2 protein chains.
Amino acid sequence: MLAYRAQPTPDAMLDRTFAGVIAKDAGSLADSQPRQVEFYSANSQIYAQGDRAAALYQVEFGVVRLFRLLTDGRRQICAFHVAGEVFGFEADGQHHLFAEAVCDAAVRIYRKPVREDTTLLMAAMKELVRAQEHLLVIGRQTASERIAAFMVDLYERLDHERHFELAMSRTDIADYLGLTIETVSRVFSKFRSKGYIKLHGTRDVEILQLDALRSICA
Amino acid sequence: MLAYRAQPTPDAMLDRTFAGVIAKDAGSLADSQPRQVEFYSANSQIYAQGDRAAALYQVEFGVVRLFRLLTDGRRQICAFHVAGEVFGFEADGQHHLFAEAVCDAAVRIYRKPVREDTTLLMAAMKELVRAQEHLLVIGRQTASERIAAFMVDLYERLDHERHFELAMSRTDIADYLGLTIETVSRVFSKFRSKGYIKLHGTRDVEILQLDALRSICA
DNA sequence: CGTTCCCTTGAGTCTCGTCAAGGACCGTGG
DNA sequence: CCACGGTCCTTGACGAGACTCAAGGGAACG
């Protein structure tokens, strides 16, 4: 039987995706000295959401979970990581996730690793953060919460304009939020009847009560 | 009213996250000549899942959707992208998502952009691909499908060992898959009673019918 | 003016969540 | 060795939220 707690053999580690990449390219991550291995007992915290991010982490043994929290305690784990895998990517100097040891674990820490050309990397990490935040939305939120979050996200991405056109169909919205078009339509109607939004046309939306939508997002 | 279809002003573009990064750092992405802008009419495909990936894309105007498909047609949109945003990241030379224009759109294409030190970038993209695949699981799959996918994923990450220990609690699994612990427990029991798995202890799992689990994943 | 596509609304169903009770496992201490 | 308490897991009954199926409305287009 294979146990996560066991330290993997060097060979096993080389088989693993990230370990392979890193081991084969000793000139980059490995250069980010000082290297350091830290041990974490089960359920102890490695870093918290909001912490300043100044390192990358590679699992030596054990298992690590990355997760986000809603204010009411609902939790969405974005990933489990086993030996060899790298985590701790961030886009703006702070962590957007919590990291904890699932069982006793050791983590190798690469401090200040970002000496590389960061343009692409930053864009990729931005994309990653977006995906992880979206995981929380579709994993742990109700239909109303998802739609409200969607509206607020659009508002913020579109120059804080309260009145905008939806480029996408109800089907697109449903597939984005993990719902059906009927549910999307019903929630739009509910928000309209409550006065949160106004629908000038099916895709022509005006936000009337932004705070109401924000508070629904939880 | 703000319409996605309108071409953004240069100033507006500079405000946007990725555009800002790229415009300010003309020495990197911009060097990846030849640069090229392509137009796509509404609902036309930009690239398909499985296509060889050899470029990055930046939205000039319009909206783009990135999505994955299940064999039965269920679809999960992972992201919408508006003017200035960059997409098309991949981890192993091929696209893991479909990209389509939501409405008429233009996309600037940066071919063969990856001259940078790729170690970190590859790790970040691997993480991104994982998050996007997980989006499909929790956005569009039933409880049984999620658990089956989870078991198969563990099997494949743990050296194809059919007998392994779960490092994580039922609560962790539930939070990872967007379910409750009761539902996780019920599905485990169902799989056990159908002979797909054997539970030597609550966290000591043996896969008996791997093909059955795979076929459940859809 | 008719057709088509997209969206809305309603009725019924079902999956999954909630609440509650009980069982298994484990370390501690007698 | 066994009793005890705590934690984690399982199982059942019930209910709510979202899905399915179906019908109809409305805007765009020829």
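Computed from a predicted structure; not experimentally measured. The sequence lines fix the lettering, A, B, ..., with proteins before strands; numbering per chain opens at 1.
Summary of the strand contacts: A/F188 and B/G201 both lie near DNA chain C, and taking for each the nucleotide with the nearest heavy atom, the more 5' one is attributed to A/F188.
When each of C/dC16, C/dT8, D/dT10 is scored by its nearest atom to the side-chain atoms of B/S189, the top-ranked nucleotide is D/dT10. Among C/dG10, D/dA18, C/dC16, the nucleotide with an atom closest to any side-chain atom of B/A143 is C/dC16. Checking C/dC7, D/dG12, D/dA18 against every side-chain atom of A/T202, the shortest atom distance belongs to C/dC7. The B/S169 side chain lies nearest to D/dC9 when the options are C/dG10, C/dC16, D/dC9. Candidate nucleotides D/dC9, D/dT11, C/dC7 were compared by shortest atom distance to the side chain of B/R170, and D/dC9 ranks first.
Looking only at side-chain heavy atoms (C-beta outward), B/Y57 and B/V64 stay at 4.5 Å or farther from each other. Proximity of B/R214 to B/Y155: side-chain heavy atoms (C-beta onward) are separated by under 4.5 Å at one or more points. Inter-residue side-chain proximity for A/V205 and A/L199 is flagged as met; some heavy-atom pair is nearer than 4.5 Å. Looking at heavy atoms from C-beta onward, A/R75 lies in side-chain contact with B/T171 at the 4.5 angstrom threshold. Between B/I147 and B/V184 the shortest side-chain heavy-atom distance falls below 4.5 Å. The closest side-chain heavy-atom distance from B/F67 to A/D172 is not below 4.5 Å.
Between the side chain of B/Q49 and the backbone N or O of B/H95, no donor-acceptor pair lies under 3.5 Å. Put simply, the side chain of A/R203 gets close to the backbone of A/A167: a donor and an acceptor are under 3.5 Å apart. Under a 3.5 Å cut-off, the side chain of A/E206 and the backbone N or O of A/H200 do not form any donor-acceptor pair.
A distance of 7.5 Å separates NZ in A/K194 from OG in A/S144, rounded to the nearest 0.5 Å. Taking CG from B/L166 and CE from B/M151, the interatomic distance works out to 6.0 Å, rounded to the nearest 0.5 Å.
Under 3.5 Å, the side chains of A/R74 and A/Q141 contain no donor-acceptor pair of N or O atoms.
Of all the residues in residues 190-198 of chain B, B/R192 reach under 4.0 Å from DNA chain D with at least one non-hydrogen atom. Contacts with DNA chain C (heavy atom under 4.0 Å) in residues 175-183 of chain A: A/E182, listed by number. Across residues 64-74 of chain B, not one residue has a non-hydrogen atom less than 4.0 Å from an atom of DNA chain C.
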Contacts under 3.5 Å, N or O only, protein and nucleotides 28-30 of chain D:
none

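Checking the phosphate oxygens (OP1, OP2) of C/dC7, no side-chain nitrogen or oxygen of A/R186 falls inside 4.0 Å.
Comparing the local axis fitted to the first five base pairs of the helix from C/dC1-D/dG30 to C/dG30-D/dC1 with the one fitted to its last five gives a bend of 30°, rounded to 10°.
In this view, B/R146 satisfies the salt bridge (Lys or Arg N to Asp or Glu O under 4.0 Å) rule with no residue, not counting sequence neighbours.
By the 4.0 Å N-to-carboxylate-O rule, A/D175 lies close enough to B/R140 to be salt-bridged with it.
Among the protein residues, A/S185 comes within range of the nucleic acid bases, having at least one heavy atom under 4.0 Å from a base atom.
With A/F188 as the aromatic partner, A/R170 meets the cation-pi criteria of under 6.0 angstrom to the ring centre and within 45 degrees of the ring axis.
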